[in-house]
Number of protein chains: 2
Amino acid sequence: MTASRTARERVRAELIREITDIARRQLATEGAGGLSLRAVAREMGMVSSAIYRYFPSRDDLLTTLIIDGYNAVGEAVERAEAACPRDDFTGRWLTACHAVRDWAVAHPHEYALLYGSPVPGYHAPQDTIAARIRDVTVLGRIVSDAWNAGALRASAVEPPAELEAEAAGLREHMPGVPDVIVWQALTAWTSLYGWLSFEVFGQFNGTLEDRHTAFDHSMRLMAATMGLAQ
Amino acid sequence: MTASRTARERVRAELIREITDIARRQLATEGAGGLSLRAVAREMGMVSSAIYRYFPSRDDLLTTLIIDGYNAVGEAVERAEAACPRDDFTGRWLTACHAVRDWAVAHPHEYALLYGSPVPGYHAPQDTIAARIRDVTVLGRIVSDAWNAGALRASAVEPPAELEAEAAGLREHMPGVPDVIVWQALTAWTSLYGWLSFEVFGQFNGTLEDRHTAFDHSMRLMAATMGLAQ
DNA sequence: AAGAAACGAGAGCACCGCTCTTGACGAATG
DNA sequence: CATTCGTCAAGAGCGGTGCTCTCGTTTCTT
């Protein structure tokens, strides 16, 4: 219809962008708890109540930042993995893991917002879960491709029968893969984010120095757990 | 010296205990961010400033809760693991994992305080790291015992040479174990807490129902990764 | 041009952590 | 026994927060 929006709509979109930019910078320096609408307003030369014209509450601003964060990490892992030779499954897995880690280490507070303790009083709306699956989609396709190419070995540890119904939802991300592999992949997935949470949240402080190398080795071990030949 | 403290000291200790109890209950219901000194004081029928006679700041109260939390989870895993036959290493590993999970699921907010995003503005003092190692000590001893009994198999994935110096600090918890096993154990450790973080922080919501069974299977897979015969 | 919608500013509410002062109380000391 | 001294609860207050409401202005729509 109207390709050029009205002037008011343009300045409104611009202001929303500026608010989120400032909020993201505050989030990066202060953390989620230090994100204050009044501080954003102060930095914009506005009065605090004016912010509520654009974001009805602090939670809505947080939701926007969360969605942006999921998209950022998803895009990072998508781009990194796309540059790999398609038949080098271990390489694709390791590249994807390192892409997630690089992003997490570079944006610790945003990582905490996405994968850390839920912000008190905040409950994630449905919008966030749609953006959240970009990285797991990439990881799932690696598993799926590897299985279809015959590059995956099933572990000797068989999943119990009770889990048969449970695997269905997870298999959406890795079509055509048997249950055994689904659980191996899920375990690798949790291990990846377990490492990142430990590293980003400081649990390795004082005990582990060369985290890049150790992470690489750990993810190679998880590739083996997943069933990828070494 | 004086076995029976003065009356003043006794009532002071009692008040400190009451404050931490109320704070822990608030933590359990509201989360770390919802923990308020004023609310604790209100519940005690005190004025807020009086609390500062016993805890110089909100952070000091948090520190007490964190140390208590580490001790609680450490004691839970110690007790559960001690009841296992000493030569059933897979059983000891699984029991310890389930003990950590049971505690985490029962105390999600305390788990978040210990292993989730760091509380904004709070920096953990040295006191907390001493209490933190109780669970990893138990897990390390399982690995150590299993290795010394010849029950651990080294993975085909060799750690790179750069990690040689790094293994020293980690080996303190599992004496006599070669580097390959140290890294396998570290990977299993991160996988355990990665799962718990996903579960407690709600990342499994909607996709995984029978988490107990799935967790059990995942930790069996990690036992294999660690080198334990299935 | 007139009405409707959106907007910025300001005051205000209830809450927070934290500080400072004041007056009451109890215990050790002279 | 009387006094000094440390501990205590209470209150007022500071600067901060998210959020609401009102008011006068600006901008878009009809």
Side-chain angles (χ1 to χ4, degrees), chain A residues 1-20 22-23 26-27 29-66 113 118-123 125, chain B residues 1-2 4-20 22-23 25-27 29-66 113 118-123 125:
Chain A
M1 224 55 66
T2 58
S4 81
R5 327 284 276 174
T6 107
R8 189 170 245 166
E9 268 172 333
R10 268 189 291 112
V11 69
R12 180 180 177 86
E14 179 56 35
L15 276 182
I16 287 183
R17 233 188 58 83
E18 190 178 342
I19 291 175
T20 56
I22 294 179
Q26 285 196 3
L27 172 68
T29 59
E30 307 285 335
L35 174 60
S36 139
L37 283 185
R38 293 181 115 108
V40 174
R42 217 175 295 129
E43 192 166 333
M44 293 185 65
M46 258 174 157
V47 92
S48 73
S49 58
I51 299 283
Y52 289 85
R53 299 275 179 200
Y54 304 94
F55 288 94
S57 78
R58 182 176 180 271
D59 281 9
D60 286 81
L61 181 52
L62 263 184
T63 298
T64 301
L65 294 179
I66 289 177
L113 190 59
V119 177
Y122 174 81
H123 230 64
Chain B
M1 219 63 64
T2 58
S4 82
R5 324 287 274 173
T6 107
R8 193 168 243 163
E9 269 171 331
R10 269 188 291 112
V11 68
R12 179 179 178 86
E14 180 56 35
L15 276 180
I16 287 183
R17 233 187 58 83
E18 191 178 342
I19 290 175
T20 55
I22 294 180
R25 205 169 57 240
Q26 283 196 4
L27 173 68
T29 60
E30 308 285 336
L35 174 61
S36 138
L37 283 185
R38 293 179 114 109
V40 173
R42 217 175 296 129
E43 191 165 335
M44 293 185 63
M46 256 177 160
V47 92
S48 70
S49 57
I51 299 283
Y52 289 85
R53 297 268 175 205
Y54 305 95
F55 288 94
S57 78
R58 181 177 179 271
D59 281 8
D60 286 81
L61 180 53
L62 263 184
T63 298
T64 301
L65 293 180
I66 288 177
L113 190 60
V119 177
Y122 173 80
H123 229 67

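The side chain of A/Arg12 lies closest to C/dC7 when the candidates are C/dC7, D/dC19, D/dT17. In the set D/dT20, C/dG8, D/dT27, the nucleotide with an atom closest to the side chain of A/Ser49 is D/dT20. Candidate nucleotides C/dG17, D/dC19, C/dT21 were compared by shortest atom distance to the side chain of B/Arg53, and C/dT21 ranks first. Nearest nucleotide to the A/Arg42 side chain, out of D/dC28, C/dA9, D/dT17: D/dT17. The listed nucleotides are D/dC8, D/dG11, C/dC7; the one nearest the side chain of A/Tyr54 is C/dC7. Closest approach to the A/Ser36 side chain among D/dC19, D/dT17, D/dA10 is made by D/dT17 (side chain taken as heavy atoms from C-beta onward).
Relative to the axis of its first five pairs, the axis of the last five pairs of the helix from C/dA1-D/dT30 to C/dG30-D/dC1 sits at 10°, rounded to 10 degrees.
Within the nucleic acid shown, A/Arg8 comes within 4.0 Å of at least one base atom, counting heavy atoms only. Contact annotation for A/Leu35: backbone-only contact, meaning every heavy-atom pair under 4.0 Å involves sugar-phosphate atoms and none involves a base.
For the pair B/Met44 and B/Ile22, the minimum side-chain heavy-atom distance is below 4.5 Å. Between B/Phe55 and B/Thr20, some side-chain heavy-atom pair lies under the 4.5 Å cut-off. Annotation: side chain of A/Ile51 is not in contact with side chain of A/Arg38 (no heavy-atom distance under 4.5 Å).
Here the closest heavy-atom approach between residue A/Arg58 and residue A/Ala32 is recorded as NH2-O, 3.0 Å.
Summarising the geometry, the separation between CD on A/Glu43 and C1' on D/dG16 is reported as 17 Å, rounded to the nearest angstrom. The separation between A/Leu15 atom CG and C/dG8 atom C1' is 11 Å, rounded to whole Å. Nucleotide C/dA6 holds its P atom 18 Å from the CZ atom of A/Arg10, rounded to whole Å.
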